[in-house]
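Below is one structure, written out as structure tokens, with a few remarks after it.
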There are 2 protein chains.
Amino acid sequence: MKISVEEAKNLLLEKGLKVTPQRSSILEAVFSLENHPSAEGIIDFIRQKHPHIATGTVYKVLDTLVDKQLIKRVKTDRDSMRYEPVIEDHHHLYCADTGKIEDYTDHELDRLLEDYFRQHGIPGFEIQEIRLQINGKFTN
Amino acid sequence: MKISVEEAKNLLLEKGLKVTPQRSSILEAVFSLENHPSAEGIIDFIRQKHPHIATGTVYKVLDTLVDKQLIKRVKTDRDSMRYEPVIEDHHHLYCADTGKIEDYTDHELDRLLEDYFRQHGIPGFEIQEIRLQINGKFTN
DNA sequence: GTATGTGCAAACTTTTTGCACTTCG
DNA sequence: CGAAGTGCAAAAAGTTTGCACATAC
């Protein structure tokens with residue numbers, strides 16, 4: 001799921017955002033760091049190449065990227081906020097013991113849910129997106 | 001979903017916790033406040049009757065109650081942590097516009113998911129619980 | 001009486017903000 | 001050039017901690 005700096009720049013351009021080194025690095029970081037990094041993880045990663053980026057900037061850029069739907073915030077029980085690239089629809093496996101989050105993609109399941117809610121709907125609510133949080137333990 | 005102070009005390013006793021006024025009020029608050037209250041909401045509610053409870057105490061008690069599975073933390077995108085009573089399994093409707101969270105119970109859906117995962121499983125992962133986050137808009 | 005729980009205030013972590021300066025297009 | 005983005009440092013939220021005191025059992 002790594003992307004090059006070039007690809008990162010294109011993503012920004014497509015959304016009508018100005019391309020800055022900070023933005024492309026942050027976008028690159030969220031795509032490269034597979035483990036749903038926190039702001040802190042992102043800052044650490046970026047400072048390897050870019051030692052002077054300011055924390056405030058990272059938060060501002062992350063907000064912008066979330067707004068423009070290039071990345072998403074991931075809900076967690078306890079931790080600080082985490083981020084992930086916007087890629088194909090997927091669900092999350094949460095490990096209660098370790099706090100690890102892993103992606104889970106399952107098109108058959110998605111179709112099943114889609115069918116189910118097409119038939120039933122939820123009165124008073126317009127569904128835009130369904131995400132499963134699957135809680136449990138990794139066994140390997 | 002309101003519970004009386006007596007019921008709150010019994011819940012604490014069942015879990016082997018000492019019954020204190022702070023604990024019963026906090027438990028009562030989480031059950032009474034339907035909207036998945038934050039620590040702050042809980043504190044405000046309790047201070048109506050109990051004006052001198054300390055913030056630190058509320059956080060400590062909430063942690064204890066979560067540990068003992070009397071209440072649960074609810075994942076949110078942006079806000080501070082929210083809480084809800086442990087009641088029958090249910091899912092959550094999240095309104096992107098307003099931040100409102102509402103419970104959604106659907107046994108037919110639960111059976112469907114249970115069947116699906118009984119057949120398929122997830123390699124390397126032991127499922128304990130499946131929660132849907134249904135994102136969208138309330139239309140009423 | 002003793003283990004457990006609470007109050008308090010300080011500290012910590014994470015995130016936000018305001019404004020002068022810089023940069024992208 | 002002008003609008004938009006960044007750095008910085010301060011402050012706001014939200015939560016945790018340590019310890020003396022109080023309370024439930």
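Proteins get letters first, then strands, A, B, ... in listed order; numbering begins at 1 in each.
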Would you kindly give the [atom1]-to-[atom2] distance between [X] and [N], to the nearest whole Å?
X: Lys68(B); N: dG5(C); atom1: NZ; atom2: C1'; answer: 13 Å
X: Lys15(B); N: dT4(C); atom1: NZ; atom2: P; answer: 18 Å
X: Asp79(B); N: dT15(D); atom1: CG; atom2: C1'; answer: 15 Å
X: Ile43(B); N: dG14(D); atom1: CD1; atom2: C1'; answer: 10 Å
X: Leu12(B); N: dA24(D); atom1: CG; atom2: P; answer: 13 Å

Short heteroatom pairs, N/O only, protein and nucleotides 10-14 of chain C, under 3.5 Å:
none

Q) What string of B, S and - do you get for nucleotides 1-11 of chain D 5' to 3' if you count protein non-hydrogen atoms under 4.0 Å? A) --BSSSBB---
Give me the atom names and distance for the closest heavy-atom approach of [X] to [Y].
X: Pro21(A); Y: Ser25(A); result: O-OG, 2.7 Å
X: Val5(B); Y: Ser24(B); result: CG1-CB, 4.3 Å
X: Ala29(B); Y: Ile42(B); result: CB-CG2, 4.1 Å

**Q.** Test log, rule side-chain contact (heavy atoms from CB on, under 4.5 Å), inputs Phe138(B) and Leu93(B)
**A.** CA-CA 9 Å; Phe138(B) 291 103; Leu93(B) 308 178; 4.1 Å; yes
Q: Mind jotting down which residue pairs meet the side chain to side chain donor-acceptor pair (under 3.5 Å) criterion with at least one end in residues 104-127 of chain A? Sequence neighbours excluded, please.
A: Glu88(A)-His107(A), His91(A)-Asp110(A), Tyr104(A)-Asp106(A), Asp106(A)-Tyr116(B), Glu108(A)-His120(B), Asp115(A)-Arg118(A), Tyr116(A)-Asp106(B), His120(A)-Glu108(B)
Q) Relative to the 5' end of DNA chain D, which residue comes earlier, Leu13(B) or Ala39(B), by the nucleotide with the nearest heavy atom? A) Ala39(B)
**Q.** For Ile71(A), the option from Ile87(A), Val66(A), Thr64(A) that meets side-chain contact (heavy atoms from CB on, under 4.5 Å)
**A.** Val66(A)
Q. Around Glu40(B), counting heavy atoms of other residues, nucleotides and ligands shown, do more than 12 lie under 6.0 Å from its CD?
A. no
(Q) Under a 3.5 Å cutoff, is there a donor and acceptor pairing between the side chains of Glu84(B) and His90(B)? (A) yes
